[in-house]
**Student:** 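Sharing a structure below in structure tokens format, with a few things to ask.
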Amino acid sequence: NSAIAIKCDVSNKDDSMKIVDEAVKVFGKLDCYFANAGILGKYVPMENETEESFIRTLMVNTLGPFMGIKYASEAMKKTAGGGAIVC
């Protein structure tokens with residue numbers, strides 16, 4: 001068994017595509033995708049939370065898994081047997 005690590009921003013479309021493409025390039029196919037990225041954002045009272053910080057948290061925690069699932073499922077459909085996606 002082996003694994004690779006790729007630094008990326010899951011809320012970025014190009015980075016989300018890059019991690020799936022790199023896994024397929026290294027291993028020949030994608031069997032499993034674990035969408036486990038998440039951030040807490042700033043730990044401040046609500047009245048002190050900024051719009052930018054809140055939007056960043058939403059981008060990573062909701063858009064990130066969506067894009068990962070989207071691109072991982074596309075890659076998995078190209079191979080017999082499919083795969084598994086865990087959020």
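These values consider heavy atoms only, across backbone and side chains, with no hydrogens, waters or symmetry-generated copies. Remember, it's a predicted structure, so these values are computed and weren't measured experimentally.
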**Student:** Would you say NZ of Lys13 has more than 12 non-hydrogen atoms from neighbouring residues, nucleotides or ligands within 6.0 angstrom?
**Tutor:** no
**Student:** State plainly whether one hydrophobic cluster holds both Tyr33 and Phe27, where clusters connect Ile, Leu, Val, Met, Phe, Trp and Tyr through side-chain heavy atoms under 4.5 angstrom apart.
**Tutor:** yes
**Student:** Can you name the side chain to side chain contact (heavy atoms under 4.5 Å, CB included) partners of Asn48, sequence neighbours left out?
**Tutor:**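 Result, side chain to side chain contact (heavy atoms under 4.5 Å, CB included) vs Asn48: Val44, Pro45.
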**Student:** Output side-chain donor-acceptor pairs under 3.5 Å for residues 55-84, partner residues at least two apart or in another chain, one line each.
**Tutor:**
{"from": "Arg56", "atom 1": "NH1", "to": "Asp9", "atom 2": "OD2", "distance (Å)": "3.4"}
{"from": "Arg56", "atom 1": "NH1", "to": "Ser11", "atom 2": "OG", "distance (Å)": "2.7"}
{"from": "Arg56", "atom 1": "NH2", "to": "Asp9", "atom 2": "OD1", "distance (Å)": "3.4"}
{"from": "Arg56", "atom 1": "NH2", "to": "Asp9", "atom 2": "OD2", "distance (Å)": "3.3"}
{"from": "Thr57", "atom 1": "OG1", "to": "Ser53", "atom 2": "O", "distance (Å)": "3.1"}
{"from": "Asn61", "atom 1": "OD1", "to": "Ile39", "atom 2": "N", "distance (Å)": "2.9"}
{"from": "Asn61", "atom 1": "ND2", "to": "Ile39", "atom 2": "O", "distance (Å)": "2.9"}
{"from": "Thr62", "atom 1": "OG1", "to": "Leu58", "atom 2": "O", "distance (Å)": "2.4"}
{"from": "Ser73", "atom 1": "OG", "to": "Ile69", "atom 2": "O", "distance (Å)": "2.9"}
{"from": "Ser73", "atom 1": "OG", "to": "Lys70", "atom 2": "O", "distance (Å)": "3.0"}
{"from": "Thr79", "atom 1": "OG1", "to": "Met76", "atom 2": "O", "distance (Å)": "3.3"}

**Student:** For Lys29, which residues count as a salt bridge (Lys or Arg N to Asp or Glu O under 4.0 Å) partner, sequence neighbours excluded?
**Tutor:** Asp31
**Student:** When Ile, Leu, Val, Met, Phe, Trp and Tyr are grouped by side-chain heavy atoms lying under 4.5 Å apart, directly or through other members, which residues fall in the same group as Met46?
**Tutor:**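 Listed partners: none, Met46 stands alone.
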**Student:** Please indicate whether Phe54 has more than 12 foreign heavy atoms, meaning atoms of other residues, nucleotides or ligands, lying under 6.0 Å from its CZ.
**Tutor:**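 Count not over threshold, so no.
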**Student:** Give a yes or no on whether Ile4 atom CD1 has more than 12 heavy-atom contacts from other residues, nucleotides or ligands under 6.0 Å away.
**Tutor:** yes
**Student:** With sequence neighbours left out, which residue pairs that include part of residues 37-49 fulfil the salt bridge (charged side-chain N to carboxylate O under 4.0 Å, His left out) condition?
**Tutor:**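 Qualifying pairs: none.
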**Student:** Might you point out which heavy atoms bring Ala37 and Val10 nearest each other, and give the distance in Å?
**Tutor:**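 Taking Ala37 first and Val10 second, the nearest heavy atoms are CB-CG2, 3.8 Å.
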**Student:** Suppose we screen for salt bridge (Lys or Arg N to Asp or Glu O under 4.0 Å). Which residues come up paired with Glu22, at least two apart in sequence or across chains?
**Tutor:** Lys25
**Student:** Can you give me the closest heavy-atom contact between Asn12 and Asp14, atom names plus distance?
**Tutor:** OD1-N, 2.9 Å
**Student:** Is there a path of hydrophobic side-chain contacts, each under 4.5 Å between heavy atoms of I/L/V/M/F/W/Y residues, joining Ile19 to Phe34?
**Tutor:** no
